[in-house]
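In what follows, a single structure is set out as structure tokens and then discussed.
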Amino acid sequence: MIRALVLVFCATTAVGAETQRDPEVLKHFVHQDCGSCHGMTLKGGLGPDIRVETLQHYDPDVLRGVILEGIPGTAMPPWRPLLSDPEVEWIVDYLLTGEE
Ligand code: HEC
């Protein structure tokens, strides 16, 4: 299920190291793909709650690392192969501020 979502996502958008997809696409990605574990509203599921209120204590650099590298030994996967640097920046910003 998760893999299918990721494949659909990759097939419909070009991935390049410096390119950044449309914020609407990224928002959709966060809610669909991250949401497949963290819940569509990000308030938790298999993975923990990652709403703004909950992630406030996170340093942006640490959050970036968690997204890029995942959390070894848990179901949280590394996203480096799928997201460009500007996209990870956008997601970090979105998760910490709730603003697009
Ligand atoms: C396959 C399931 C899965 C997917 C997909 C997933 N995560 Fe996770 N994530 C987890 C799990 C499980 C944990 C908790 C790991 C642990 O036990 O520390 C986690 C932990 C996290 C944490 C740390 C939360 C905290 O309170 O410390 C963040 C932040 C996070 N994920 C963000 C994301 C983002 C952003 C995405 C999408 C790019 C994503 N996750 C996609 C399963 C997933």
Side-chain angles (χ1 to χ4, degrees):
M1 174 62 175
I2 292 161
R3 178 161 295 269
L5 285 173
V6 169
L7 286 177
V8 167
F9 184 70
C10 290
T12 52
T13 45
V15 184
E18 293 311 319
T19 58
Q20 191 200 303
R21 285 166 276 217
D22 196 295
E24 274 308 307
V25 175
L26 288 174
K27 189 177 167 195
H28 187 75
F29 173 80
V30 169
H31 289 267
Q32 293 299 316
D33 287 63
C34 309
S36 65
C37 286
H38 293 278
M40 301 276 279
T41 56
L42 309 181
K43 68 180 179 198
L46 168 68
D49 184 337
I50 54 168
R51 288 174 301 175
V52 182
E53 308 87 282
T54 328
L55 291 184
Q56 264 165 5
H57 65 283
Y58 257 94
D59 181 272
D61 286 339
V62 175
L63 185 56
R64 188 180 306 119
V66 167
I67 295 171
L68 285 172
E69 312 303 337
I71 303 179
T74 77
M76 173 62 188
W79 294 91
R80 192 186 286 287
L82 292 174
L83 297 169
S84 69
D85 290 347
E87 288 170 345
V88 172
E89 282 311 313
W90 187 94
I91 293 172
V92 164
D93 208 49
Y94 177 63
L95 291 176
L96 290 179
T97 64
E99 285 163 24
E100 292 157 38

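Start at 1 and go down the list; that is how both ligands and their atoms are numbered. These numbers were taken from a predicted model, which means no experiment stands behind them.
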Near [X], which atoms of ligand 1 are under 4.0 Å from a heavy atom of that residue?
{"X": "I67", "answer": "35 (C)"}
{"X": "T74", "answer": "15 (C), 16 (C), 17 (O)"}
{"X": "Y58", "answer": "23 (C), 24 (C), 25 (C), 27 (O)"}
{"X": "D33", "answer": "5 (C)"}
{"X": "L63", "answer": "29 (C)"}

Assess L95 for proximity to ligand 1: is some non-hydrogen atom of it under 4.0 Å away?
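L95: in contact with ligand 1 (<4.0 Å).
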Do the side chains of [Y] and [X] get nearer than 4.5 Å, heavy atoms only?
{"X": "L26", "Y": "V30", "answer": "no"}
{"X": "Q20", "Y": "E87", "answer": "yes"}
{"X": "I91", "Y": "W79", "answer": "no"}
{"X": "D85", "Y": "R64", "answer": "no"}
{"X": "K43", "Y": "E53", "answer": "no"}
{"X": "L42", "Y": "L95", "answer": "yes"}
{"X": "R51", "Y": "H38", "answer": "no"}

Item checked: Metal-centred angle, atom 8 (Fe) of ligand 1 as apex - NE2 of H38, SD of M76, 10° resolution ->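 Taking atom 8 (Fe) of ligand 1 as the apex, the two atoms subtend 170°.
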May I ask which of [options] has a heavy atom nearer to [atom] than the others do?
{"atom": "atom 26 (O) of ligand 1", "options": "G73, P48, P78, G45", "result": "P48"}
{"atom": "atom 41 (C) of ligand 1", "options": "Y94, W79, F29", "result": "W79"}
{"atom": "atom 37 (C) of ligand 1", "options": "S36, G47, C34, C37", "result": "C34"}
{"atom": "atom 12 (C) of ligand 1", "options": "G65, A75, P77", "result": "A75"}

At under 4.0 Å between heavy atoms, which part of T54 makes contact with ligand 1: side chain, backbone, both or neither?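 It is neither; nothing of T54 touches ligand 1.
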### Query
Testing D93, L68, L63, L82 for side-chain contact (heavy atoms from CB on, under 4.5 Å) with V88, which one passes?
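For V88, the side-chain contact (heavy atoms from CB on, under 4.5 Å) check succeeds only for L68.
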